[in-house]
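Predicted, not measured: the structure shown is a model, and the values here were computed from it.
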Protein chains: 2
Amino acid sequence: MPASRLLITPRCPVRTALELLSGKWRLLLLQQVATGAARYGELRQSLPDISEKVLAHELKFLVDAGLLTRQDAPEGLVRSLYALTALGEQTQPVTQALARFGLAYNAEVALEPSRERAADANARP
Amino acid sequence: MPASRLLITPRCPVRTALELLSGKWRLLLLQQVATGAARYGELRQSLPDISEKVLAHELKFLVDAGLLTRQDAPEGLVRSLYALTALGEQTQPVTQALARFGLAYNAEVALEPSRERAADANARP
DNA sequence: GAATTCACCTACCTTGAGGTAAGTATGCCC
DNA sequence: GGGCATACTTACCTCAAGGTAGGTGAATTC
């Protein structure tokens, strides 16, 4: 099975994906928008502990990268409606896989108090 | 469909997963180990541009987190054989999803030279 | 027309992830 | 026992992600 061990170079697709999607908020933002086109204020409420600077910045990045679209005012309304592009929708399997792993990890940690120290390093209030 | 919009709190499983797996190297290391149990030197060769400090540190982190095991010398050999735990194997769907997204992104960018500027922000030699 | 809300933007600061370069401990070979 | 390889460790530094706090301009409300 080491037959398929591959050299991890900068052009590896996993690295491409990591560079586009890594960060504390990007995948969470995409996940929120996936639940329906969302406005700026809705996103801020959904992710209570993101700062406004970062929210605006990440939205801009995702639009520039072609993962989100921003619709300006459908005439008369306040502007800003974000939606996933086709490419953006392709991030959903990633988020789902992460969610499944997160659940598996929590389940495992619950069963193994012996590893609580390691888990504590990532514990939150 | 906004029926299922959920509050992203620190306890969300996606956040748990992101905290454990985010970073430049973790998923790549796990992917490499998944191609067969690996030794320190093999991993260093597979990921040519990781620094030794980070390689050692990330390996330790992954062992502490319960995603990798390190077998000490099977008697007489040089020590250090890393392998995935059951939990560690559960990260593979994440990596696979990232790989699929990376390929889709590259394909899309190749078709749309108009967005090359945004892509350039993440381009590498 | 004053006040408020919404969707941002700007300047400044802190923290930590990751890099560089060197050193250490252990075993193996001859 | 001197040299070499493997598997790390340590001290130091840099940079960028992310946070804080306070703006701004346009629309909407009263």
Atom-to-atom span, CD of A:Gln45 to C1' of C:dA7 - whole angstrom: 13 Å
How close do B:Ser80 and B:Arg39 get, counting heavy atoms only, and between which atoms? O-CG, 3.5 Å
In whole angstrom, what separates A:Trp25's CH2 from D:dG19's C1'? 11 Å
Looking at B:Phe61, does the NZ or CZ of B:Arg26 lie under 6.0 angstrom from its six-membered ring centre and within 45 degrees of the ring axis? yes
Looking at C:dG18, D:dT20, D:dG18, which one has an atom nearest to any side-chain atom of A:Ser51? D:dT20
Can you see if the side chain of B:Arg39 gets near the phosphate of D:dT6 - specifically, an N or O under 4.0 Å from OP1 or OP2? no
Would you kindly give the CG-to-C1' distance between A:Leu29 and D:dA17, to the nearest whole Å? 15 Å
Whole-Å distance, B:Arg15 CZ to D:dG18 C1', equals 12 Å
Check salt bridge (charged side-chain N to carboxylate O under 4.0 Å, His left out) between B:Glu52 and all other residues, then give those that pass, not counting sequence neighbours. B:Arg44
Do B:Ser46 and B:Gln32 have side-chain N/O donor and acceptor atoms under 3.5 Å apart? yes
Output the rounded distance in Å from CG (B:Leu81) to C1' (D:dT6). 13 Å
How does protein reach along nucleotides 8-15 of chain C, written 5' to 3' as B (base within reach of a heavy atom under 4.0 Å), S (only sugar-phosphate), or - (no contact)? BSBB----
Please state how far atom CG in B:Leu18 lies from atom P in D:dG18, giving the value in whole angstrom units. 11 Å
Search all heavy atoms of A:Ala99 against all heavy atoms of B:Pro13 and return the closest pair with its distance. O-CB, 3.8 Å
Between CG of B:Leu47 and C1' of C:dG18 the distance, given in whole Å, is 14 Å
For the student: nearest non-hydrogen atoms of B:Gln92 and B:Leu30, plus distance: OE1-O, 3.7 Å
Round to a whole Å and report the spacing from CG of A:Leu55 to P of D:dG18. 13 Å
